[in-house]
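Just so we're clear, the structure is a prediction, and the values are computed from it rather than from any experiment.
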Amino acid sequence: MQITFRQIKIKDFEFLWQLHNAALKKYITETWGWDEDWQRRNFRENFNPNAGEIICADGKDAGFLWISEKESEIALVSIRLLPEFQNRGIGTKLIKRLLDKARAANKPVRLQVLKANPAKNLYEKLGFRVADETETHFLMRFPI
């Protein structure tokens, strides 16, 4: 499977909204409950086409990746895949690529994941460890 990236465009709002629902609605509902109007309004207010990229798998829009690199660390801000692209190794491949980049730059990687989200298991398999937690999230770190 060929993985490529493309820049987000304003017209991608609806795709990203549907991705948000498909990837996170279950876990948000378990954590806080789901208010459709609030979620859509909040998503629209925070929509930023310059934050992240669309993940394409064999030419099809498959997900979203947002990485923020700072002088002292790299943050995996968000990685989301549509259900039909999950459990196919795409997320693992992208995270491993990020970890290779972090090692080369000698920077730790951090992320946060909802406690209700089983993606935590993947992050742990890849070497992330829980560094802290809030009532709703695990704050994880991949040390270098």
Side-chain angles (χ1 to χ4, degrees), residues 1-32 34-131 134 136-144:
M1 179 175 298
Q2 182 181 6
I3 305 300
T4 57
F5 300 91
R6 68 173 182 78
Q7 183 177 357
I8 297 170
K9 300 176 175 102
I10 295 295
K11 70 178 185 166
D12 290 316
F13 175 86
E14 198 58 38
F15 166 75
L16 291 169
W17 167 247
Q18 294 303 320
L19 175 62
H20 174 76
N21 281 264
L24 295 176
K25 184 175 185 175
K26 176 181 180 191
Y27 312 121
I28 290 170
T29 300
E30 289 176 25
T31 304
W32 297 289
W34 185 267
D35 178 327
E36 184 76 20
D37 293 336
W38 185 91
Q39 285 290 330
R40 189 159 182 95
R41 186 174 54 253
N42 184 61
F43 191 85
R44 184 174 305 283
E45 288 171 2
N46 291 295
F47 178 69
N48 179 355
N50 298 314
E53 300 174 288
I54 301 289
I55 302 166
C56 301
D58 290 338
K60 297 178 183 169
D61 291 348
F64 169 75
L65 179 66
W66 181 6
I67 296 166
S68 174
E69 187 167 356
K70 297 185 176 158
E71 190 173 319
S72 62
E73 69 178 9
I74 300 172
L76 175 54
V77 180
S78 184
I79 182 168
R80 300 175 189 174
L81 291 166
L82 289 170
E84 59 266 32
F85 293 98
Q86 294 174 6
N87 300 310
R88 295 174 66 183
I90 297 169
T92 299
K93 181 178 182 177
L94 294 176
I95 295 168
K96 283 182 175 180
R97 187 182 303 164
L98 174 63
L99 297 178
D100 288 344
K101 179 180 177 179
R103 282 186 199 96
N106 199 32
K107 294 180 182 181
V109 179
R110 69 173 174 81
L111 62 83
Q112 67 177 16
V113 61
L114 283 168
K115 288 183 174 181
N117 190 336
K120 175 183 179 267
N121 297 327
L122 171 63
Y123 300 138
E124 287 178 328
K125 285 180 189 173
L126 293 172
F128 284 87
R129 297 293 171 251
V130 174
T134 69
T136 57
H137 288 80
F138 290 113
L139 309 176
M140 301 185 80
R141 188 173 173 90
F142 184 87
I144 297 296

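His20 and Phe43 have tilted rings, their planes meeting at an angle from 30° to 60° on a 0 to 90° scale. Between His137 and Trp32, the ring-plane angle classifies as tilted under the 30° and 60° cut-offs.
For the pair Val113/Phe128, no side-chain contact is recorded, criterion being any heavy-atom separation below 4.5 Å from C-beta on. Considering only heavy atoms from C-beta on, Leu126 comes within 4.5 Å of Lys96 through its side chain. Counting heavy atoms from C-beta outward, Lys25 and Gln39 have side chains that stay 4.5 Å or more apart. In this structure the side chain of Phe5 reaches within 4.5 angstrom of the side chain of Leu94, judged on heavy atoms.
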Which donor-acceptor pairs under 3.5 Å do side chains of residues 82-91 form with protein atoms, sequence neighbours excluded?
from  : atom 1 : to    : atom 2 : distance (Å)
Gln86 : NE2    : Leu81 : O      : 2.7
Arg88 : NH1    : Glu84 : O      : 3.0

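Between the CD1 atom in Ile95 and the CG atom in Leu76 there is a gap of 5.5 Å [rounded to 0.5 Å]. Taken to the nearest 0.5 Å, the CD1 atom of Ile55 stands 14.0 Å off from the CH2 atom of Trp66. We find the OG-CG distance between Ser78 and Leu24 to be 7.0 Å, quoted to the nearest 0.5 Å. In this structure, Arg44 CZ and Leu16 CG are separated by 12.0 Å, a value rounded to the nearest 0.5 Å.
Asn42 contributes no side-chain N or O that, together with a main-chain N or O of Trp38, makes up a donor-acceptor pair within less than 3.5 Å. Checking side-chain atoms of Lys115 against main-chain N and O of Thr134 turns up a donor-acceptor pair under 3.5 Å.
In plain terms, the two heavy atoms of Ser68 and Val77 that are nearest each other are CB-CG2, 3.8 Å. Taking both residues in full, the closest heavy atoms of Ala116 and Tyr27 are given as O-CD2, 3.3 Å, listed atom of the first, atom of the second, then distance. The two residues Gly52 and Phe64 have their closest heavy-atom pair at CA-CE1, 3.9 Å. Across all non-hydrogen atoms, the minimal contact from Ile67 to Leu65 is CD1-CD2, 3.8 Å. Minimum heavy-atom separation, Leu19 to Ala62: CD1-O, 4.5 Å.
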Steps toward side chain to side chain contact (heavy atoms under 4.5 Å, CB included) verdict (Phe15, Ile8): CA-CA 10 Å; Phe15 166 75; Ile8 297 170; over 6 Å; no
Evaluation steps, side chain to side chain contact (heavy atoms under 4.5 Å, CB included), between Leu111 and Phe142: CA-CA 9 Å; Leu111 62 83; Phe142 184 87; over 6 Å; no
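Taking Lys101 as the reference, Glu69 meet the side-chain hydrogen bond (donor to acceptor under 3.5 Å, both in side chains) condition, with sequence neighbours excluded.
The side-chain contact (heavy atoms from CB on, under 4.5 Å) with Ile28 is formed by just one residue from the set Thr136, Asn117, Leu114; it is Leu114.
Between Lys120 and Glu124 a salt bridge is recorded (basic side-chain N to carboxylate O distance below 4.0 Å). The pair Arg103-Asp100 counts as a salt bridge, with a side-chain nitrogen and a carboxylate oxygen less than 4.0 angstrom apart. For Glu14 and Lys9, the salt-bridge test fails: no basic side-chain N is under 4.0 Å from an acidic carboxylate O.
Within 6.0 Å of atom CD in Gln7, 12 or fewer heavy atoms from other residues, nucleotides or ligands are found, so the atom counts as exposed in its surroundings. Within a 6.0 Å radius of CH2 in Trp17, more than 12 heavy atoms belonging to other residues, nucleotides or ligands are found.
Sequence neighbours left out, the pairs with a member in residues 49-67 that pass salt bridge (charged side-chain N to carboxylate O under 4.0 Å, His left out) are Arg6-Asp61.
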